[in-house]
Structure formats: C-alpha cells, structure tokens
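Taking it in order: structure first as structure tokens, then the write-up.
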Amino acid sequence: MNEMKEYNPQEIEEKWSKYWIDKAIYHVEKPQKQKKFSVVIPPPNVTGSLHMGHALNATLQDIIVRWQRMKGKQCVWVPGFDHAGIATQYVVEKQLAKEGISRLEIGREEFLKKVWEWVPKSRNAIRTQLTKLGVSVDWKRERFTLDEGFSRAVRKAFRTLYEEGLIYRAEYIVNWCPKDLTALSDLEVEYEEEKGSLWYIKYPVVDEQGNETGEFITVATTRPETMLGDTAVAVNPNDERYKHLIGKKVKLPLVSWERKDLKGNKVSNLIPIIADERVKMDFGTGAVKITPAHDPLDFEIGKTHNLPFVRVIDETGKMTENAGEFTGLDRYEARKSVIEKLQEKGYLEKEEEITHSVGHCYRCKTVIEPMVSVQWFVKVSDERIKDISIKVVEEGIEEREEKEIFVQLAQVEELSVVIPVKDDGKYSAVIVLDKTAKFLVGKREGELAYIYYPKGDEETLNLARSLAEEIKNYEFFVAYEGVPKIVIAGNEQLIEPGTYLFIYDGNKVDLYKLEGKKTKFVKTLARGEADLEVTQKSIQVKVEKIKRVEKKEKKVRFIPEHWKKFYLDWMYNLKDWCISRQIWWGHRIPVWYCKDCGSVNVFTDDDFDRVYDKIIFNLIADGKIDQEFTPEEVEKILKSPHFVHPEITVLDFYKKFVFHKYHTTDITADSLRLFFTQDANPMAILTPGVSTRNIYRYNSQTKKWRMVLRCKKCNSENLQQDKDVLDTWFSSALWPFGVFGWPENTEDVNNLYPTDLLVTGFDIIFFWVARMIMMGTHFTKDIPFHDVYVHALVRDKYGRKMSKTIGNVIDPLDIIQKYGADALRFTLAILTVQGRDIKLAEEKFEGYKHFANKIWNATRYVLMNTPEDFIARVPYMAPFRAEDKWIITKLNETAEIVNKALSEYQYSQAAHAIYEFFWSDYCDWYIEFTKERIYKRAPEDNEELKAKVENERTTAIYTLLYVLEKALRILHPFMPYITEELWHRLPNTEGESISLTEFPEKNEEEIYEEEKEKIERLREIITTIRSLRSDLQIKPNIKVKASFRTDSEFSKEVIEEFKEHILNLAKLESFEEVDKRPEGTVATFSRDTEIFLHIEGHVDLEKLIESYEKKREKILKELERVNKKLSNENFLKKAPAHVVEKEKQIKEELENDLNKLEEILKVLKG
RNA sequence: AGGCGCGUAGCUCAGUUGGGAGAGCGCCGGCCCGACACGCCGGAGGUCGGGGGUUCAAGUCCCCCCGCGCCUACCA
C-alpha cells in the first residue's frame, strides 16, 4: 500500500521542521495558569554558534517539553538570545581590526551601528541551528536581552535597586583587563597555574629622622613593579622576628620622586611597618609589601590601616606618573627595569622560582590587573537579597494564600446528565444518565464551582465534597446509581449495575467504581472534549462562600541534588557584584550625573506619563536616537521592521512586548511635531486639554528637537550620562520574567511565571542561575523556576573538554548532516546520566542512527503488509492471540517506565526503555511472530478457510499498527522527526502532528500477565534450540527435526500452542513430543523441558561438549554459593522468608539443570 | 589546603530503598532467511580500584588507602 524509500533523515527533518514553524504548532496564545508548563531557554550567546553543549541543553529541554505537551500541558517554551557584551564587542572589534579600523577611531555611535549590523547574521545562524535540532519553542515569543522591552526592564530594575539602596557606586579594587579596557567580575577571571619568580627585596629601615639604621626588612613579591606603589610593609603582629620593627618606617628603594594618591595628596617614600593578622608568617619572609591600589588583599589592608592608595599602573597597563623614571613603560618592561635597578643598587636579595596562579581575562586571556577604580555594585550580600535566595533553595518558602471561592450548592430532584464526547469534531461517545445521576461536581477556572445533589441529602453532599478534595485532576465528575446508557463508537456498552463515577479531566472520561468513599479505576471510556447537559425536575440553589487556604511552595529544586550544596556554598560567601563594564555594547547605565550639584539621577520612563514621552525617552536611553533628533528620525525607526520580529514594526513591538498597551496609538513625524510644539509652547497652556511641560525644545540652528532631562535635585540641565554599560548577566538575571513582559503586569507574567524548568550547565550556576534567583525573588516575590536540571559537560572521547584550540570539537551540524537530528538527540539523551559528564565519540551517533533506520524499516514492513482496505477489514478481525497480548503488555510496561523515568529526569533510562522495546521486543520478536499470519496464503477454493486466514492477518496487522502508533508516540520526544514522518504515514492516525497526541500511559486493562508468561517461556525454548543448533554448527537454512519431553503441563501447553512459531523461528522441520531421547539425537534442555535435535551426518561434538562443560562449571559455582547461603543458620533465621524461599527454589532449579547436563554429557562422551 | 564526583566486560557506561552481575560498541563463529547487512542468529569476556568494618547477606551502607577528574580558596 505504501511505497517507502530508504530512511533519509535530511529530507524528512527539513520538511517537518518547516511544517512545525509554519503552522505555529508550538505557539499557545493564551495559556491557562493551571495547565501551563513554561520554560525559558538559556539564551545562547549571539556571538557563538551552536556547539554540542547547546545541542545537549536544547535536546534535554525539548524532550521534557514535548513530553509535557503530550501529557496535556499547554507548553510555552520561550526562545531568545543574549547580547553577550564583552564577547560580542570583542568579536566585532577583531573583525574591524582586519579592516584596519579601531573602535576608538570611529567612536561609540558608529561602532554600535557596526555591531547591530553584525549581530543579526550570527543570531540567524544560531536560530537556524536550533530549528534544525527540532526544538518545540514558541518563536512568536522570541526575545533578545537588548530588545526594547528588556532594555526598559533593565532600567527599571536598576532604578528600583538603586532607590532601595541595593545598588551603590564605590571605589573598589576590581579585576581590570588592560586589553578590553574594562572591569571584570570575579567570575570572569580565569586563574591558571604559571611559573613565575619570587623576588626578595630589601627595604632599609629608617629612624625617626629618616636616616637608614642599617637594618633591612626583606619582602618577597612576584610583582616587583608594584613596589613603586607601596605605601606600607606589613608583618604579622605575632611574628617575633619583626615585633620590634612595628611602628617604624622603611625607605622605599628606587623611589626618589614625589608620588600622589587618588585624591592628589603627596605620598612619602618613607612608609610604615604595620601589623596585620592577615599576613602569613610562614610565607616568603613573613613581611609583605603593601600596594593598596594594585592588589586585592593589600586593598583590604590599606582600607583598615588608612593607607594612601598610589596607582602606578594605568588602564592600558602602562606605568603612571607615580612611577617616576619608569613612567610610560609597559608593566612587564617596568618589571624588568625595576629588577635591574634593584640589583644594581643592591636591594635585590634573591630570586626564587615559584608556580602561582595568575588571573586572565576569560575573553582575551590577557593577564588581569587588579586596580582601584570607581564602579557600580549590586549589594547582593544584603540580607534582603541574600537571605531569600538561600531560603528558596535550602528549605523553600511555604506561602499560604487565602482564597475565597463561591460554590453553588444546588439541591435538585431527578437529576439527568448527558455527556457527549467529541474527538476531533466527531462524536466518539455519549453517556446518558437519565434520572439516574446522583450528584454532579464541577470546576470553573480550576476551582470547585458547583455541586448538584439530591434535595435534603446532606450525606451525599458531604461525600461529593470529600471526593472533590480527593480527586485532583477533574473538570467535572458525575456519580450515578443504576444502569447508564453508554454508547461508544455507535456501540452500546454494558456495565454491571452498581455505583459509579464518571470523571472528566479535560482530555478523557474515565469510569470509576465507587465503594463507600473509595474510588477504583475501571477503565477509560472515551477521549476527547466532553460537554455536559444537565436537567433536573426542581432546583434550589444556595451559594456558599468557602475560604480556602492555598499552600504554595516556593522552592527551587536542583537536579541532581548535589548542585544545591554547590549553590549554597557560594551564596553563603557572597561578595558584592560589580555590574559596570567599560565597554559600549550593552545596556548603558541609566544614570545621569549633574555637573552642577553633583547628584546622581536615575531616569526611567516612569519619569514620564505620556506614551510619546515614554517612547522618545526609551529610544534615547537605548541609544537609538540622539538626545537631539528630528521627528522624521523617530518615525523612521518606529516604522522599521523589528530586529527580533521583523514581521512587525518597532512601534508594534513596543505596544505588544514592551508596554502591552497603547494598541491604537500611531506615531508619525507630523503627530510628533504637533506634540512637541504644544509641549514647548507656553501659549498652549491657555488651550483647554493641552498641557505643557517643557520637555522638548527646538533648536533652530540644527533644526532638531531635544528632549530635556533635568536634575531632580537642582533642576539643572547640565547632565551627563554614565559612559559605562551593565554586565550582561544583569539583564540575563531578569530573563525568566522579562520575557513575559515584566515590569508590566501582563497576562503572561501571571500565567506563565514562575517557570517550571530550567535546564543549564553547572558552569553558569553562579553567573546566571544564582542571579536569576536573586533578581527573581526580589522583583517578583516568587521563584524564577521550580526545577533546575543541571546537565553534564560534553567532552571528547578522552574526557577532555571540547575546545577549538585542541581541535576536538564535534560540531552538531556535522552530526545532523551525517546522521540526522534524531540520531543526535537520541544519542545525547541516552548518554545523559545524572552526575556524569558525557564522553562523546562519533561512532555513538552512528549506532543510534541505526536505531532510527530500524524503526523506519519496521514501519516499512508494517505498511507494506497493510492492505488498502485495511480499515474496512478491522470489524472482521480474529481475536487477539497470545503474542498480540504480550506485545501490548510490553508496550504498556514501556510507557510506564518511560513516564516514570522522565518525571525524574532519568533521560538515559527512558531512552533505554523505548530502545529496548522497539528493537528487542517489537522488531526481533513480535514482527517475527506476525510473519506466520502475514505470509500465510489463503486457499482460494475454500471460502471459509480463506476468510479465517485473512481475518487473522487483519488481527496481526491491527496489532502491529496499534502498537507501532503508540510506540512512536513514546519515542516522539526523543526523535521528533522520524516519528512525525512515520506517524503521518500510518492509516490509523489523524491530526496535525504526533506531538499533539496524548502520551501513552500504562493502562491496566492492557496488561495480560498470563500471555506474557507464555511468550517469555516460548522465547526461552526457541533460544535454547537456536543455541544448540549453533553449537552443532547447523547452518540456518537447514531445517532439522526435533522433539521434546517434559513433565510440565505449562511448557507442554506453550509448545503446543506455539508450535508454528517454534518451527519458524528455530528453523525446525518438526517438533514432536517423545517419551525418551530418540536415537541419533543430541539433547539440551530449557528449564523443565528436554529437547532433542536429530543430527544427520557427522557433527563435531567437541565444541558442544566444551560448551556444556562450561555451563556445568557455572552451575557448580552457583550451587556452591547457594548451598553456602542455605547452610548458614543465621541466614535461615534472619533473612526474610521470601528471600529464603527464593534461594531454595534457585537451588532446586540449579540441581535439576545440573542433573540434566551431566546426563547429556555422559551420553555425548559415551 | 578544603570540598565534590568518579573508579563495574577490551572501550563507553547502566545498576533507584543491601538479596541470583547488565546494555551499547568492539571481538569470535555462522547467515543476504520475502522490513532492515544501518541487518539476523549464536557465543566468549568481570576477584564490581585495594584493604577493613556493619549485616544472615555489600557493586550497593561506613572507615582508610591508591588512581583520575572537577570546583572553591590561598599563592606577598
């Protein structure tokens, strides 16, 4: 019926990827709070390209999201990108450098234009890569950390924190990169072990007059050039060697010139010897030179002892004027020079080799320079931020929310309920409870809304109430007594009389038996959308107000759990977060300094109340227009396609994603001009309804308008904006609520936040996860996410990190090209075990492409044998056979394992279960079993027999299709493409996408224990025969005669029932029961059954004997173990009875096996 | 230095409350049998890093040691 070509991943993946996006399958316009499952993607860096870590990250998210979606959740997975300040600036600078352009030459504005030109190219590339992976994200909600909404959110966050005193500006020692010319946060510094030297320098001690006493104090340093900035020598107060020197002074060698501190005060070259506990006695000489301006610890000591700060190295790594004769030298040249000079003058005592770790810029690898400068900090160490961030992870916060709900209590007589169920627009079932309904309970918006119960019957009302508490997942449920009329697919269903409950959960109607207050699941009656038609004889409604205390747990759970400790350890020792960066690409700090009164102004669009003002202000603050601009410029920008969503304009983006209002507002150059004119025109004050505020001023020379910002303290217009931008992570910290529209109180924020899951790598727990928790809890008073799944690092096959330098990267795109995205995804999933890094080698992908191929071909087999008129044949199909029930049982067990594994994020287990099922159970056994029925030729001349054969074939095909369809659904989250493709090809499916079908769950009705046991036994028997054939080296194409003998009724039954399968799958000519071993046969056994194979001609028995000897050894060893256990009195006494029983059984089995084996060996040898 | 993780078949790894050692790849032998050679059938291969302890029973829990990896801190 279906012509299937060979499996070609590229072809199908391209097709479905496009289909999903074009149809916006994964867009949910208005998700309901109760049903949602929301995830935000860790925004990939716009500079990068997708590497294996991204592929893993995206795959793990997609598996959970697709699974949750199939479980009926309304999934919203928000994609987006991160502007990556330093990294992007670095990349663009490098590109410009190739053209011989430096950013300093072209200036800030021009440079940013270049970046904006470059960014979309890179962004689009990653976007394409993500779509190739098959991620089921909602592209309509895509965001960028530097889009208009985010930029506004960042300013709002900054302002709020500033006003709360949680952001401050201070002089502090920071990690400075002399190449990128910016401060770096502690986390952005990479330490590496390096060989260096420890130089011992003698500082002459001087008396009160400043004359050298002849005594020296020797300090040790790895950075002699910083001695020029020394302002003290410190020793430990308990150090006997130096106690007498404390309080005295030394004369700083070489320095004969005048030095100045940060405020311009002169600093003497006679510096004090101070005592400080932080000095370690056992390092170096126990005396340490103090350079407060260029060393973090010295900075601290300098602060405590009130030492002057002398900067001797500038931003570019060159020596400052304080370095006297060394001024202008690079810090490394200066080091050489200083050493030479010291040696020359006899101050250098010795030089020792030392390995120490040196901090490098994470981006350009330049050695960082600790330097005192003025920076902005977030006071994350403040208890208002720190405490709650610890608490939500450590123990969680339980919040009690009192809710008032109104429940209609309807006392009725003769209650009738009709439940029509529609599936895909067609009626799939109708349930009619004519006057037999007992009570009815329903919800509205997730809350109990009404109860219908028999007039005056308080007992029933109470029962209904308690059931409403107990049953969590329902939209309504009806209880009835008596005989209901249930019609499913046109057939009336009979149910034995009793008290039952129909529960509708939004997806399906389940039937439960009601015994007292207990409910017992019977079966699922129908799937689809259920309606409710209620009639009653009389009604009396009373509204009851119920106070409900809703407990809401705010707890962030790390998976695997040990990352919790990792996070908490860091939180306990939290240092303030330096957020200013001396670069251009990023969110410019929304601070304007007043040049007149010196005060600090933080502006946001909250300072304006009209939409025009707000937009103009945001455009200026974002650097999109200058503070002086023309209305045409504004219109042009607002009417241009948006960077993230080119299908709409920037103005529309503002309305939809930034303000979430002003929907009808249009802005044109003309309307702006009018607005500005009125604003600036003092006469307008006389016109009613027009306000003037003097925000805009026209400059007739430049013919431009200017938005005037005024100092909030002195009203001066003489303001200057801070030149720095914010750390990218400051905006990323707002990601989980920023993407939903915060700071506006949007529907998405209400319905989708907190998010359910965050998947990320451990390396950014501090950078990102911690900061999202800090900012999330602070701004939204709620956690940003419930579960944080921390995934592994992807390494090469030798366990090394993948890096471009080593050249061991495996590019996911190459893998997709060669093996397909499905194989890539499945491989990553099956290798994902909690707490272990992934070692990757290309062969692995190949292996799982084989799996995809296997599924493809299995489907080909099924479809090849599905007749055109299959559906019409179904009503005539024969009853299920045992193997059908067996595979259905296996399918259900697999569904259960996969569901459980995924709910615990056990990706590997889940993937293994479906792999095992598909390949071993379905392909290797079930398909082989069906061949008997599929290939059986019906005799043309016997109508009755022909019909029987055909109907049995229909059953086989039906089961093949039924199981295949469900198995594809189970596999779908792992391999979305191939499952989508194959699913659409099956005749028993309809719908837009497999991803919108229901994820299979274990159905107790489909568990057939008896048949399962039989088939397992059958497999053992077949395997035993195959094994003997192989030992005897009988070619597979030769059919041999065989016979068996057994005392077990069960085994006999299995053999008789499945004789055909045994003949087919063990390649036997015959398999008859005998009393004793026939002549000319070789024996083997499977449990209680002896099997005899007729050998014709010469057979090499050596190999067989060898094989049996080996088995005998094994059994003996086992027996020894079991006997030892069973002869241990303590074991018999203390071990649980069932364990002892089991051991006894094992012993019996082993002894039987041994007897049989020895007998066989005797015959073989004799 | 402190903390965390890992050490199971040649390789990569599963092994969920402590009860007869597993998978994939590789290897060996045999097969193009009407889905699939990206396949089928059969098979070999392990003192579960070493030592001690708890227990009737330890790959699984506790302690020590060895090896590997990672993180944090210090490094004048």
Side-chain angles (χ1 to χ4, degrees), chain A residues 4 6-7 191 193 196 198-200 219-223 226 233-234 279-280 283-291 295 297-298 354-358 560 562-563 565-566 569-570 573 762-763 793 795 797 799 819 830-831 833 835-841 843-844 846-865 900-901 904 906 908-909 912 915-916 923-924 927-928 931 934-935 1023 1026-1031 1033-1037 1064-1067 1103 1107 1110 1118 1121-1122 1125 1128-1136 1138-1140 1142-1143 1145-1146 1149-1150:
Chain A
M4 276 178 75
E6 287 193 344
Y7 172 50
Y191 288 90
E193 291 279 310
L198 193 59
W199 284 276
Y200 289 75
V219 297
T221 181
T222 53
R223 303 198 54 199
T226 63
V233 168
V279 178
K280 291 200 180 92
F283 192 91
T285 61
V288 56
K289 59 191 267 315
I290 300 294
T291 324
D295 181 277
L297 183 66
D298 292 3
I354 188 178
T355 40
H356 58 149
S357 65
V358 179
H562 76 261
W563 294 110
K565 195 174 171 320
F566 184 73
D569 282 350
W570 188 74
N573 304 305
F762 76 90
D763 46 336
L793 217 61
R795 299 172 175 279
K797 65 171 155 185
Y819 308 103
I830 206 162
L831 293 179
V833 175
R836 194 189 267 275
D837 284 347
I838 293 177
K839 285 190 197 167
L840 261 191
E843 306 88 79
K844 308 225 171 178
E846 196 182 345
Y848 295 108
K849 188 200 170 184
H850 294 174
F851 177 50
N853 189 57
K854 187 78 182 175
I855 292 158
W856 184 270
N857 284 304
T859 307
R860 182 151 90 166
Y861 165 82
V862 176
L863 292 180
M864 235 171 61
N865 292 298
K900 182 162 183 286
E904 294 163 356
Q906 304 280 4
S908 182
Q909 276 181 19
H912 266 120
Y915 181 96
E916 177 80 13
C923 293
D924 287 350
I927 283 185
E928 296 306 322
K931 283 180 179 170
I934 299 269
Y935 293 135
T1023 304
R1026 283 171 171 175
S1027 184
L1028 179 62
R1029 284 184 61 117
S1030 187
D1031 278 340
Q1033 296 188 301
I1034 300 169
K1035 305 260 181 216
N1037 50 352
N1064 285 337
L1065 300 182
K1067 310 273 183 202
K1103 233 186 148 173
S1107 159
K1110 222 168 214 167
E1118 279 292 296
R1121 190 194 59 81
V1122 176
K1125 234 177 179 179
N1128 182 341
E1129 266 180 52
N1130 278 326
F1131 173 71
L1132 299 174
K1133 243 190 284 175
K1134 293 186 179 173
H1138 73 272
V1139 174
V1140 176
K1142 199 177 171 195
E1143 288 298 323
Q1145 208 183 317
I1146 291 167
E1149 274 173 32
L1150 287 171

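Chain letters run A, B, ... following the sequence lines, proteins first, then strands; residues in each count from 1.
Contact between the side-chain N/O atoms of A:Lys839 and the OP1/OP2 oxygens of B:C13 is found at a separation under 4.0 Å. Contact check, A:Lys1035 against B:C31: a side-chain N or O comes under 4.0 Å of OP1 or OP2. Distances shown here put a side-chain N or O of A:Lys854 below 4.0 Å from the OP1 or OP2 atom of B:C40. Residue A:His356 places no side-chain N or O under 4.0 Å from the OP1 or OP2 atom of B:C74. Contact check, A:Ser1027 against B:G43: a side-chain N or O comes under 4.0 Å of OP1 or OP2.
Mapping A:Ile927 and A:Thr1023 onto RNA chain B by nearest heavy atom places A:Ile927 at the nucleotide closer to the 5' end. Place A:Tyr915 and A:Lys565 on RNA chain B by their nearest nucleotides, and A:Lys565 ends up nearer the 5' end.
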Test log, rule side chain to side chain contact (heavy atoms under 4.5 Å, CB included), inputs A:Tyr7 and A:Arg860: CA-CA 10 Å; A:Tyr7 172 50; A:Arg860 182 151 90 166; over 6 Å; no
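Separation of the A:Tyr848 and A:Tyr819 ring centroids does not fall under the 6.0 Å cut-off.
Classification of A:Lys849 and A:Glu846 as a salt-bridged pair fails, no side-chain N sitting under 4.0 Å from a carboxylate O.
Side-chain atoms of A:Lys1133 and base atoms of B:C56 include no donor and acceptor less than 3.5 Å apart.
Atom CD in A:Gln906 sits roughly 7 Å away from atom P in B:G15 (whole-Å rounding).
Shown here for A:Leu831 and A:Lys839, the closest heavy-atom pair between the two residues is CD1-O, 4.5 Å.
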